[in-house]
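Notes follow the structure.
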Amino acid sequence: MNPTDPSEVSPREADLLNRARRYSFRARMDKGEFVGPVFERGLGSEVQDVNGKTFLDFNSGQMCAAIGHNHPTVVAAIKRACDTLIHAHSSYFNDQEILFAERLAGVMPPGLEKSLFLQSGADANEAAVLIARKYTGGLDVASPHISFHGLSDTARSLTFSGWHADHGPPVAGSHAMLAPYCYRCPLRQTFPDCGFACLDASFELLDAQATGPMAAVITEPLFSAGGVVEPPPGWLAKLRDMAHARGMLLILDEEQTGLGKLGTMFACQAEGVVPDIITVAKHLGGGISISAVTTTAAIEATVFDRGFIATHSHSNDPLICAAGIASLDVIEGEDMPAMARLIGSRWRGHLEALAQRFEMIGDIRGRGLLQGIELVEDRMSRKPAMEAGRKIGRYCLERGLIFSLRRGGSVLRFVPPATTTPAQIDRAAAILGDALAHVSPDGRTLA
Ligand SMILES: Cc1ncc(COP(=O)(O)O)c(C=O)c1O
């Protein structure tokens, strides 16, 4: 059965899609049609649709199942919480939230020890920005132009990789700066000769636009939604120094990159940079919705004294915090950074081998469990091959491999869970290779 062909849907799937057509509000990022697959189960690195078809999930759900779908440690913790306390008063402490905050401090870079729990990645970033504003007394916040920080108001205003149009005016004080997208440098420079001209130009503009003291820079240490773009070495340290020189805080959105996914516990550790605030979400709850903002004791004390408040009815619920503790048990106990390095290097080997065969692969980026390839019409012009990417995505989905497309389809982003076996990696690579062969016009392969 072809899950993307509406003429081939089973009666059960057709019935569900009909109900979706009638009752489901379409507000998804990448897709507005009522087509399958419709998923109903998952375990480890595989998910199954309602027809019983199995898919290799190289998107880790929505990147939140990076420790594997339905990990037994998380499932057991959720079941225990169901027998004790699911929800609690948010003005009082409960045991699970205290223990979770302590565990999170244990994995964070030194000095970052005070955690506030929220529900989504967007609310964590929203809170981080508000903390920086309260702490510095400034309004202006900057983020690189291919960033993604979520779709609530403040987070969306600082998300420059898309999803702005016709969603109302941005929150005041939101500024874009140039991202270090070296494959397509906006200043037509080359690293390292550029000397980080993108940072100098960006801060010159920010200084000119500032309405007073500036509050923060918020950035991902590797831009995921913007196209799996890795800043060159030294960029993050220089960004921190330039921000601190102006009294701005550095907020690192490690929601995609943190907690072991890139082969270190946090991506910033590979650069030797400790930010003022880190936000984590995605696989923090092992598949359950919880996020955190973690900062220093000094910042927490100052903003507390100034009356900072940010919470939601479910933010510190024992059930979600128990899932978070279980997720950290897996991340630490199974050494997720090491697993990410191992899986990442096998997958990278496949991507490099494919790049030897297919001219269309212009660039390979990322590390560990977050890697991507940028497709181009040819390597000289570097013209983005968006339609080819979309065809490859459909071809792979039909053959049981899920991943996501970014930059209009020209970037294929792969986020396999840490449970992915060597055989599953090899199977995914074979499907991808067939797809590239399928879309590459004659004479355009390098083989
Ligand atoms: C880096 C980053 N920050 C923030 C978010 C937003 O998280 P959420 O969708 O949980 O609000 C995402 C989601 O993909 C993300 O990738």
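Atoms within a ligand are numbered from 1 in the order they appear, just like the ligands themselves. Since we're looking at a predicted model, the values are computed, not measured. When reading the values below, keep in mind they use all heavy atoms of this one structure, side chains included, and skip hydrogens, waters and symmetry mates.
Relative to the ring axis of Phe55, Lys53 places its NZ or CZ within 45° and under 6.0 Å from the centre. Annotation: cation-pi pair Arg306/Phe308 absent, no NZ/CZ under 6.0 Å from the ring centroid and within 45° of its normal. For the pair Arg413 and Phe403, the NZ or CZ position fails the cation-pi test of under 6.0 Å to the six-membered ring centre and within 45 degrees of the ring normal.
Of the protein's non-hydrogen atoms, Gly150 CA, 3.6 Å is the one closest to atom 6 (C) of ligand 1. Here the heavy atom of the protein found nearest to atom 7 (O) of ligand 1 is Gly121 CA, 3.3 Å. Here the heavy atom of the protein found nearest to atom 9 (O) of ligand 1 is Lys282 NZ, 4.6 Å. Of the protein's heavy atoms, Glu255 OE1, 2.7 Å lies nearest to atom 4 (C) of ligand 1. Nearest non-hydrogen protein atom to atom 3 (N) of ligand 1 is Asp253 OD2, 2.7 Å.
Neither the backbone nor the side chain of Asp123 comes within 4.0 Å of ligand 1, counting heavy atoms alone. The proximity of Ser120 to ligand 1, defined as any non-hydrogen pair under 4.0 Å, involves the side chain as well as the backbone.
The heavy-atom pair separating Ala172 from Arg133 by the smallest distance is O-NH2, 3.5 Å. Between Ser90 and Asn316, the shortest heavy-atom distance links the atoms CB-OD1, 3.6 Å.
Shown in contact with Gln256 at under 4.0 Å from a heavy atom are these atoms of ligand 1, numbered in order with element: 1 (C), 14 (O), 15 (C), 16 (O). Shown in contact with Asn125 at under 4.0 Å from a heavy atom are these atoms of ligand 1, numbered in order with element: 3 (N), 4 (C). Close contacts between ligand 1 and Glu220 involve ligand atoms 1 (C) [criterion: under 4.0 Å to a heavy atom].
Taking the six-membered ring for Trp, Phe148 and Phe223 have ring centres at least 6.0 Å apart.
Remark: ligand 1 and Ala122 share an N or O pair separated by less than 3.5 Å (distance only, no angle test). Distances between N or O atoms of Phe148 and those of ligand 1 include at least one value under 3.5 Å.
For the pair Phe58/Trp347, a side-chain contact is recorded, criterion being any heavy-atom separation below 4.5 Å from C-beta on.
Below 30°, between 30° and 60°, or above 60°: for His89 and Tyr92 the angle between ring planes is above 60°, a perpendicular geometry.
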